[in-house]
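Please read the structure below before turning to the comments.
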2 protein chains.
Amino acid sequence: MIPSISSPKIAFAGADHDHRRCVAAALAAATELCARRGVRLTELRRRVLELVWRSHAPQGAYAILETLRRRGRRAAPPTVYRALEFLLAQGLIHRIESASAFVGCTTPGRPHAGHFLICSDCGATAEVDDSRVGSALRDSAAEVGFRVERQTIELSGYCPDCQDESLDGEPSD
Amino acid sequence: MIPSISSPKIAFAGADHDHRRCVAAALAAATELCARRGVRLTELRRRVLELVWRSHAPQGAYAILETLRRRGRRAAPPTVYRALEFLLAQGLIHRIESASAFVGCTTPGRPHAGHFLICSDCGATAEVDDSRVGSALRDSAAEVGFRVERQTIELSGYCPDCQDESLDGEPSD
DNA sequence: GGCGTTATGTTATACTATAACAGTCTTGAG
DNA sequence: CTCAAGACTGTTATAGTATAACATAACGCC
Ligand SMILES: [Zn+2]
Ligand SMILES: [Zn+2]
Ligand SMILES: [Zn+2]
Ligand SMILES: [Zn+2]
């Protein structure tokens, strides 16, 4: 195994990527998925999903609310939280506990239990599903007789882009 | 491998254990540690630590506040949060992000990055430090060029005691 | 169109956490 | 011992996150 020079796996969307494609793909997948399941991706839910996908950094509920209002929609906290609740239930978004914020799911459609890499600098978040992590956790839990139902795995640190920048002389603060 | 009959590792304090010993041990360790580091485990901080250790279930800041007040101490939210901040900095407690609550550290004294098993039924929480999990996560992050600074790993599910109970006929909900 | 169900609007409130400043206690230098 | 600097705590106010409860509106089936 010679991983040294080979390009790393892609996990973080580059700073230059065409994000409109991300959003469009997420909305298309959500539309298809909800249709297949016979649940309603209403206009409000679609707009909230779109705002969650506004960036790859987790979005707070009140930031979403604020934007909805600026765009002319009547909205209060329950408006947003109910939409988020629906999107969570459908597996279209995830909640980042350590940030009290929400991020779009990159592989909706089937159950999956991955983990998140969250850049402390730019906020960019990558969703990773690594079987080694899952099995290590399952083994570890099984050894003490614990039955796992839900997992929250969030690693904070620095994404490739922000590590590079810190070399360029920007005082890390 | 025949794990069936062999007793599992101990991670969860049994429902019957003498919890006063847990508290006493935690306070003693904290006293010793703070003395060695030259930081002050004041009366308030000690009392807050004791209240965090009131149970193996994570304790909310406002529950601690409430108890402090009932016991006659003048206290407001900052009183508690400042003490919790100190205890976190000294590694005497951990914050459970998915519960916005705090739990005593079972192995204070040196840096460690383990994970938590949290019973959805009784709340009991076990702190586990499994090298396989750590290395799986580190490998996984390294492959995508992510530099990990902090990790939040919280597994929700059912502890051995509560799995047993659910078999005893108690309707699961 | 009537009607049950689902979704959204609206108001109020609970829960979690921190800012800002004042007063008190501890500690060590002189 | 005294006092000044720093650390700790008290106090008030407010920010940020989330939900309860009830009213109204939209949908979808008959
Ligand atoms: Zn993108
Ligand atoms: Zn970054
Ligand atoms: Zn105990
Ligand atoms: Zn339990």
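All chains are named by letter (A, B, ...) in the order of the sequence lines, taking the proteins before the strands, and each is independently numbered beginning at 1.
Neither OP1 nor OP2 of dT9(D) sits under 4.0 Å from any side-chain N or O of Arg47(B). OP1 or OP2 of dG9(C) lies within a sub-4.0 Å distance of a side-chain N or O belonging to Thr79(A). Residue Arg73(B) places at least one side-chain N or O under 4.0 Å from the OP1 or OP2 atom of dG10(D). Taking 4.0 angstrom as the limit, Thr42(A) places a side-chain polar atom (N or O) nearer than this to OP1 or OP2 of dT8(C).
Comparing atom distances between the Arg45(A) side chain and each of dA7(C), dG10(D), dT12(D) picks out dA7(C) as nearest. Across dT18(C), dT17(D), dG9(C), the shortest atom-to-atom separation from the side chain of Arg74(A) is found for dG9(C).
Counting atom types as modelled, Tyr62(A) pairs a side-chain N or O with a base atom of dA18(D) as donor and acceptor under 3.5 Å. Evaluation of atom-type donor-acceptor distances gives no pair under 3.5 Å for the side chain of Arg40(A) against the base of dG28(D).
Straight-line distance from the CD atom of Glu66(A) to the P atom of dT17(D): 12 Å, rounded to whole Å. At whole-Å resolution of the value, CZ in Phe102(A) and P in dG16(D) are 16 Å apart. What separates CG of Leu44(A) from C1' of dT24(D) is a distance of 16 Å, to the nearest Å. Straight-line distance from the CZ atom of Arg69(B) to the P atom of dT9(D): 16 Å, rounded to whole Å. One can place OH of Tyr81(B) at 14 Å from C1' of dT14(D), the figure rounded to the nearest angstrom. Atom pair Gln90(A):CD and dA7(C):C1' shows a separation of 14 Å (rounding to whole Å applied). Following rounding to the nearest Å, Glu97(B) (CD) and dA18(D) (P) show an atom-to-atom distance of 12 Å. Distance, Gln59(A) CD to dG16(D) P: 16 Å, rounded to whole Å.
In terms of heavy atoms, Arg132(B) sits closest to Ser140(A) at NH2-CA, 3.8 Å.
Under a hydrophobic clustering in which Ile, Leu, Val, Met, Phe, Trp and Tyr are joined whenever their side-chain heavy atoms come within less than 4.5 Å, directly or via other members, Ile153(B) and Phe102(B) fall into different clusters. Transitive grouping of hydrophobic side chains (ILVMFWY, heavy atoms separated by less than 4.5 Å) keeps Val148(A) and Phe116(B) in distinct clusters.
Salt bridge present: Glu149(B) and Arg147(B) bring a charged side-chain N and a carboxylate O closer than 4.0 Å.
In terms of position on DNA chain D, the residue among Arg82(A) and Ala61(A) whose nearest nucleotide sits closer to the 5' end is Ala61(A).
Residues Glu127(A) and His112(A) have side chains that bring a donor and an acceptor to within less than 3.5 angstrom of each other.
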